[in-house]
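To start, the structure itself, in structure tokens.
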Amino acid sequence: MAVLTVVSCCGPSCAGEITAKEFCEAQVAAVTQCLLNAVATCRDAAADRLLDGLAAEAQLPRTVGKTAARQALPGVDAHTLLAEYQPLTETARSAPPEVKDEIVRALAGAQASVAAAVSKAITTVTEEDARRLLVEFSLVLPFLATADDRWDAKATEALLRSPLRPECLPVAEGFALHCGRPLTAWEFVRPSGHSTGRLGAQVAYVQSAAARMDAARDPRAAVSCRQAGIRIARDAGDQDALRALTVQLADTLADAGHPLDAARHIEGLLAATAQVTDRSALVARHLVFLYRASAYEEALHAAERERGQTASGNDPALLYMLWACHKRLGHGTEAESAAAEFLGRFPRHSLAADMRLANAMNALTVQDYRTADTMLAQIQTSFPESRYAKRANELRERLAAALGAPAGQR
């Protein structure tokens with residue numbers, strides 16, 4: 001029998017050595033009780049508010065004191081319960097077959113118990129928020145029992161027999177997406193039957209779902225959608241979707257604070273596809289992500305390697321990143337050389353404003369006010385509508401006030 005050493009577990013705390021079977025049985029019992037309590041709270045709170053509403057419509061006095069407590073919706077939410085009891089799933093997967101069978105039976109019994117409670121409660125609840133909570137609570141145990149990539153039409157049909165109704169599926173879809181289960185969400189809303197082009201439809205769905213998760217400011221869910229889409233696109237041989245989803249995944253990871261992971265995904269694209277029409281854009285993305293990850297040495301070496309390729313060696317973004325990395329690494333001579341080349345070849349490029357402002361700040365640091373003023377004036381002239389122009393104007397005014405001379409005469 002497998003043995004676990006458990007210091008603390010979700011729900012009731014415990015300590016010492018227990019078997020995997022005992023651990024999982026305790027977890028199933030704990031999460032089931034949490035769910036039953038939450039369903040009862042939803043039902044009772046909805047009943048309280050229904051009675052209050054009826055009394056108000058009939059203009060009847062309340063039968064209880066004004067200070068009497070009314071049931072509130074449960075403080076616990078299904079997302080939290082699912083996350084807290086996720087170790088149950090991992091333990092069950094690694095358990096011996098006989099233990100796994102016991103856990104499957106325990107989960108099936110628990111699901112039936114919760115489904116019965118939800119089925120009874122949902123017929124009496126009319127409030128949208130309370131009904132949404134009931135739907136979400138009914139999904140916790142099924143999600144713990146069945147992995148996202150194993151969810152299928154039969155699993156959905158079982159839910160529709162009890163406790164859900166077809167009109168509940170949009171709520172179930174949204175919950176699945178926010179739980180990082182895009183394939184489950186797809187099964188909740190996909191057209192019935194074995195239609196042709198299913199993989200293509202799945203790719204389109206997860207792309208749309210990822211955009212919805214972006215709009216909902218849920219980057220983890222967006223990442224899950226795009227990761228699933230990448231797997232589907234790869235299996236379907238859809239290179240265009242694979243590339244688009246990989247770039248979107250990298251952007252999401254970078255925005256969520258994981259720029260190095262984002263860079264690795266772009267590296268994979270560059271390595272897998274020798275000929276791409278927008279290689280320079282991918283290279284620039286890769287370098288920016290490395291730079292944002294403070295991997296300046298790696299970014300510098302990657303930029304130098306790329307510069308040896310004729311196709312993208314003269315790209316302004318590449319030259320700019322060479323300058324930025326040299327500057328960050330304290331390579332003064334190399335940074336000056338890269339800046340001179342960039343400004344000589346691309347004097348009106350938008351990145352030139354940033355470069356000139358940096359050079360102006362360097363000149364101010366060494367008290368070379370004339371050079372600084374010249375650089376700032378160039379920004380005002382060449383990029384009058386940019387944010388850099390506003391900053392240049394502020395600095396020139398401060399220079400004039402400090403030195404007592406009009407701009408351009410210092």
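Worth knowing before you read on, the calculation uses all heavy atoms, side chains too, and leaves out hydrogens, waters and symmetry mates.
- For the pair Asp255 and Arg217, the salt-bridge criterion is not met [side-chain N within less than 4.0 Å of a carboxylate O].
- Taking the charged nitrogens against the carboxylate oxygens, Glu394 and Arg398 have no contact shorter than 4.0 Å, which rules out a salt bridge.
- Under a 3.5 Å cut-off, the side chain of Glu336 and the backbone N or O of Thr333 do not form any donor-acceptor pair.
- Salt bridge status for Asp149 with Arg231: absent, with no side-chain N to carboxylate O gap under 4.0 Å.
- The shortest side-chain heavy-atom distance between Lys21 and Glu25 falls under the 4.5 Å cut-off.
- To the nearest 0.5 Å, the span separating NE2 on His258 from CG on Leu253 amounts to 7.0 Å.
- At least one donor-acceptor pair closer than 3.5 Å links the side chain of Ser94 to the backbone N or O of Thr91.
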With salt bridge (charged side-chain N to carboxylate O under 4.0 Å, His left out) as the test, would you mind laying out the steps for Arg305 and Glu267 before giving the verdict? CA-CA 13 Å; Arg305 283 195 308 272; Glu267 281 173 24; over 6 Å; no
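- Just one residue in the list Leu107, Thr184, Thr156, Leu159 forms a side-chain contact (heavy atoms from CB on, under 4.5 Å) with Pro142, and that residue is Leu159.
- Counting all heavy atoms, side chain and backbone alike, Pro163 lies closest to Ile122 at O-CG2, 4.5 Å.
- Between Tyr320 and Trp323, the angle of the ring planes lies from 30° to 60°, which puts this pair in the tilted group.
- The residues Glu127 and Arg132 are annotated as not salt-bridged, no charged nitrogen and carboxylate oxygen being separated by less than 4.0 angstrom.
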Derivation and outcome, side-chain hydrogen bond (donor to acceptor under 3.5 Å, both in side chains), residues Asp77 and Thr80: CA-CA 6 Å; Asp77 65 272; Thr80 300; 2.7 Å; yes
Could you walk me through whether Glu397 and Lys390 pass salt bridge (charged side-chain N to carboxylate O under 4.0 Å, His left out), step by step? CA-CA 11 Å; Glu397 288 180 352; Lys390 181 179 179 181; over 6 Å; no
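- Atom CD of Glu90 has more than 12 heavy atoms from other residues, nucleotides or ligands within 6.0 Å.
- Taken from SG in Cys225 to CD in Gln248, the straight-line distance is 11.0 Å, to the nearest 0.5 Å.
- Rounding to the nearest 0.5 Å places NZ of Lys100 at 9.0 Å from CZ of Arg93.
- For the atom pair Leu269 CG and Arg279 CZ, the distance stands at 11.0 Å (nearest 0.5 Å).
- The backbone N or O of Leu183 lies less than 3.5 Å from a partner atom in the side chain of Asp148, making a donor-acceptor pair.
- Minimum interatomic distance between Ala172 and Val135 (heavy atoms only, all atoms of both residues): N-CG1, 4.1 Å.
- Heavy-atom neighbours of Arg105 CZ from other residues, nucleotides or ligands within 6.0 Å: above the threshold of 12.
- Counting only distance, with no hydrogens or angles, the side chain of Ser162 and the backbone of Ala158 share no donor-acceptor pair below 3.5 Å.
- The shortest distance between side-chain heavy atoms of Phe383 and Tyr388 does not fall below 4.5 Å.
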Could you go through Met355 and Phe342, starting from their C-alpha distance and side-chain angles, then the distance that decides it, and tell me whether this counts as side-chain contact (heavy atoms from CB on, under 4.5 Å)? CA-CA 9 Å; Met355 196 172 286; Phe342 185 99; 3.7 Å; yes
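- The number of heavy-atom neighbours closer than 6.0 Å to CD of Glu167, taken from other residues, nucleotides and ligands shown, is above 12.
- The minimum heavy-atom distance between Cys24 and Ala92, with the atom names listed, is SG-N, 4.2 Å.
- Shortest non-hydrogen contact noted between Cys42 and Leu134 is CB-CD2, 3.8 Å.
- Side chains of Arg43 and Thr124: a donor-acceptor N/O pair is absent below 3.5 angstrom, by distance only.
- Between His79 and Phe175, the ring center distance clears the sub-6.0 Å criterion.
- Distance alone, capped at 3.5 Å, places no donor-acceptor pair between the Ser208 side chain and the Ala204 backbone.
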How far apart are the C-alpha atoms of Arg212 and Asp218, what are their side-chain angles, what is the distance that settles it, and do they pass the salt bridge (charged side-chain N to carboxylate O under 4.0 Å, His left out) test? CA-CA 9 Å; Arg212 286 163 55 192; Asp218 190 342; over 6 Å; no
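- By the 30° and 60° cut-offs, the orientation of the rings of Phe143 relative to Phe188 is parallel.
- Within 6.0 Å of CZ in Arg328 there are 12 or fewer heavy atoms belonging to other residues, nucleotides or ligands.
- Summarising the geometry, atom CD1 belonging to Ile379 is positioned 10.5 Å from atom CZ belonging to Arg391; distances are rounded to the nearest 0.5 Å.
- Here the shortest heavy-atom pairing between Ala228 and Pro182 reads CB-CG, 3.6 Å.
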side-chain hydrogen bond (donor to acceptor under 3.5 Å, both in side chains) between Arg396 and Gln380, worked out: CA-CA 10 Å; Arg396 294 192 82 200; Gln380 290 176 311; 2.8 Å; yes
Do Arg131 and Glu136 pass the salt bridge (charged side-chain N to carboxylate O under 4.0 Å, His left out) test, and can you show the C-alpha distance, the side-chain angles, and the key distance before you say yes or no? CA-CA 9 Å; Arg131 289 179 68 84; Glu136 293 178 353; over 6 Å; no
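- Separation of atoms CE (Met375) and CG (Asn362) is listed at 9.5 Å; rounding is to 0.5 Å.
- With Ser224 contributing its side chain and Arg220 its backbone, the two residues share a donor-acceptor pair below 3.5 Å.
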